[in-house]
Trainee: 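Just passing along the structure, written as structure tokens.
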Amino acid sequence: VQLQASGGGLVQAGGSLRLSCEASGRAVANQHMGWFRQTPGKEREFLAAIIRDGTSTQYTDSVKGRFTISRDYAKNTVYLQMNSLKPEDTAVYYCAAATSLWSRRSGAYDSWGQGTLVTVSS
């Protein structure tokens, strides 16, 4: 599956952004989907994941209550709604697809988007 992430940009602290991840080549409905982020010199950090059938989600503690992952099967797209953004949320954000495991581990994901930069100013 090929993934195209978009929606990043510059936003002030306290603002919101919605990231999109459009899939092609294989239906998103067959994939568990996740969002990660990475800053220079640090490992890729798990943010959120949604199970293949959309019935369950999981979040890392630092974004719980602020970020929401969702999926639109008709559009073959997964979203990450980000509210109450903080300067420490500044990073490159990646979407990823997993065929087999629904996991927080980046190694479980088979396909990755190219990343979209989110910058939160104070």
Trainee: Can you sort out the partners of Gln2 under side chain to side chain donor-acceptor pair (under 3.5 Å), two or more places apart, ordered by chain and number?
Mentor: none
Trainee: Check whether Thr57 reaches the backbone of Ile50 with its side chain - one donor and one acceptor, N or O, closer than 3.5 Å.
Mentor: no
Trainee: Under 4.5 Å between side-chain heavy atoms, counting indirect links through other Ile/Leu/Val/Met/Phe/Trp/Tyr residues: same cluster for Leu17 and Phe67 or not?
Mentor: yes
Trainee: Indicate yes or no: at least one non-hydrogen side-chain atom of Val78 is less than 4.5 angstrom from one of Trp35.
Mentor: yes
Trainee: Could you tell me the separation between the CZ atom of Arg44 and the CD atom of Gln38, rounded to the nearest 0.5 Å?
Mentor: 4.5 Å
Trainee: Suppose we screen for salt bridge (Lys or Arg N to Asp or Glu O under 4.0 Å). Which residues come up paired with Glu45, at least two apart in sequence or across chains?
Mentor: Arg37
Trainee: Nearest 0.5 angstrom please: Ser20 OG to Leu3 CG, how far?
Mentor: 12.5 Å
Trainee: Is the CD atom of Gln58 crowded by more than 12 outside heavy atoms at less than 6.0 Å?
Mentor: yes
Trainee: Please name all residues satisfying salt bridge (Lys or Arg N to Asp or Glu O under 4.0 Å) with Arg66, sequence neighbours left out, ordered by chain then number.
Mentor: Asp89
Trainee: Side chains of residues 111-119: which donor-acceptor pairs under 3.5 Å do they make with residues two or more places apart or in other chains?
Mentor:
residue : atom : partner : partner atom : Å
Ser111  : OG   : Val1    : O            : 3.3
Gln114  : OE1  : Ala5    : N            : 3.1
Gln114  : NE2  : Ala5    : O            : 2.8
Thr116  : OG1  : Gly8    : N            : 3.0

Trainee: Report the distance from atom OG of Ser122 to atom CD of Gln12, rounding to the nearest 0.5 Å.
Mentor: 9.5 Å
Trainee: When you group the ILVMFWY residues by side-chain heavy-atom contacts below 4.5 Å and let the links chain together, are Val120 and Leu80 in the same group?
Mentor: yes
Trainee: Got a sec, which residues hit salt bridge (Lys or Arg N to Asp or Glu O under 4.0 Å) with Lys64, two or more places apart in sequence or on another chain?
Mentor: Asp61
Trainee: What's the separation between atom OG in Ser6 and atom OH in Tyr93, rounded to the nearest 0.5 Å?
Mentor: 15.0 Å
Trainee: Tell me if a side-chain donor or acceptor on Tyr109 pairs with a main-chain N or O of Cys95 at a distance below 3.5 Å.
Mentor: no
Trainee: Do Ser106 and Tyr94 have side chains that get closer than 4.5 Å, going by heavy atoms?
Mentor: no
Trainee: For Lys75, does its backbone N or O pair with a side-chain atom of Thr77 as donor and acceptor, under 3.5 Å?
Mentor: yes
Trainee: Within this structure, what is the CZ-OG1 distance for the pair Arg104 and Thr60, rounded to the nearest 0.5 Å?
Mentor: 6.0 Å
Trainee: Same cluster or not: are Val11 and Leu47 linked, directly or through other Ile, Leu, Val, Met, Phe, Trp or Tyr residues, by side-chain heavy atoms under 4.5 angstrom apart?
Mentor: yes
Trainee: Is there any ring pair (Phe, Tyr, Trp, His ring centres under 6.0 Å) pair reaching into residues 38-65, and which pairs are they, with sequence neighbours excluded?
Mentor: Phe36-Phe46
Trainee: What closest approach, in Å, do Gln81 and Ser16 show between heavy atoms, and which atom pair accounts for it?
Mentor: NE2-CB, 3.9 Å
Trainee: Short question: side chain of His32, backbone of Arg52 - any donor-acceptor pair under 3.5 Å?
Mentor: yes
Trainee: Considering non-hydrogen atoms only, spot the tightest contact between Ala108 and Ala98 and give its length.
Mentor: O-CB, 3.4 Å
Trainee: Enter the distance from Asn76:CG to Gln31:CD here, rounded to the nearest 0.5 Å.
Mentor: 9.5 Å
